Amino acid sequence: MTIDDPFKHASLGSGVFYRDPRAALDWLEAAFGFERSMVVSDAEGKLVHAEMRFGDCTIIVDSEWSDYVASPVSVSGKNTQSVYVRLKVGLDGHCEQARAAGAVIIQEPADRFYGERQYRARDPEGHVWTFSQTIRVVSREEAERLGGVRIEGWHR
């Protein structure tokens, strides 16, 4: 039996863990423009699960609820994944909004050989976020030539 997802989640999402997930919710709204779609608290008011939307995608924002999940701030700033977010327009303005909210911009906005403009930012607990916007359509052959790389497969 198949049941439709009432929350309309995308097929793939990401979860990010924070020492202070409530502060993270506020910051992710102010800096990156995410919107809260669900916040679940226990009887004492502790956050036990939260979801935020950006466009048609959802991320989970959670606490360090087990010994196998951690905020980068708890593991010397190490990241084992980076959240990648696609913007339709306004990448440079988005970067400035993030910077004004306290994001550390670790890679300034720059055009890439494969037709994207990108920047990377670190949030207050050390998560690395990559924001990208398509600025022109590039063929695989052109990307290979411009990047000096060999590419198997290509976006369609």
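Source: prediction; values computed, not measured. The figures here come from the full heavy-atom set of this structure, side chains too, leaving out hydrogens, waters and symmetry mates. Residue numbers count from 1 along this sequence.
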If the condition is side chain to side chain contact (heavy atoms under 4.5 Å, CB included), which residues does [X] pass it with, not counting sequence neighbours?
X	result
E35	none
S139	E141, E142
Y84	R86, E116, Q118, T130, S132

Rounded to the nearest 0.5 Å, how far apart are [atom1] of [X] and [atom2] of [Y]?
X	Y	atom1	atom2	answer
R112	L146	CZ	CG	13.5 Å
W65	D62	CH2	CG	7.0 Å
R22	L47	CZ	CG	5.0 Å
S41	H49	OG	NE2	11.5 Å

Cluster link [X] to [Y], ILVMFWY, side chain under 4.5 Å:
X	Y	answer
I105	L87	yes
F113	W154	yes
V137	I135	no
V83	I60	no
V128	V61	no

Taking every non-hydrogen atom, the tightest pair across [X] and [Y]:
X	Y	result
N79	R122	ND2-NH1, 3.9 Å
G15	Q81	O-NE2, 3.8 Å
Q97	G33	NE2-N, 3.9 Å
S71	E125	OG-OE1, 2.5 Å
V138	A143	CG1-N, 3.6 Å
I59	V16	CD1-CG2, 4.4 Å

Task: Side chain proximity check, D123 to W27, heavy atoms < 4.5 angstrom - done: yes

TODO: For the residue pair L28 and Y18, establish whether any side-chain heavy-atom pair is separated by less than 4.5 Å.
DONE: yes

Does the distance from a Lys or Arg side-chain N to an Asp or Glu carboxylate O, for [X] and [Y], drop under 4.0 Å?
X	Y	value
R36	E29	yes
E152	R150	yes
R117	D92	yes

Open item on the list: Please enumerate all residues that pass ring-ring contact (aromatic ring centres under 6.0 Å, His included) together with F34, with sequence neighbours excluded.
Closed with: F54, W129

- [ ] For the pair Q133 (side chain) and G90 (backbone), establish whether a donor and an acceptor sit closer than 3.5 Å, ignoring hydrogens and angles.
- [x]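 Between the backbone of G90 and the side chain of Q133 there is a qualifying donor-acceptor contact (under 3.5 Å).
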
Open item on the list: Using the side chain to side chain donor-acceptor pair (under 3.5 Å) definition, which of the options Q107, H94, E108 pairs with Y119?
Closed with: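 In the set Q107, H94, E108, the residue that makes a side chain to side chain donor-acceptor pair (under 3.5 Å) with Y119 is H94.
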
Open item on the list: Checking R145 now: which residues fulfil side chain to side chain donor-acceptor pair (under 3.5 Å) with it, not counting sequence neighbours?
Closed with: none

Task: Residue pairs passing the salt bridge (charged side-chain N to carboxylate O under 4.0 Å, His left out) test where at least one lies in residues 72-85, sequence neighbours excluded - done: none

Open item on the list: Applying the side-chain contact (heavy atoms from CB on, under 4.5 Å) criterion to E51, which one of V40, V39, T58 satisfies it?
Closed with: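 Among the candidates, only T58 passes.
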
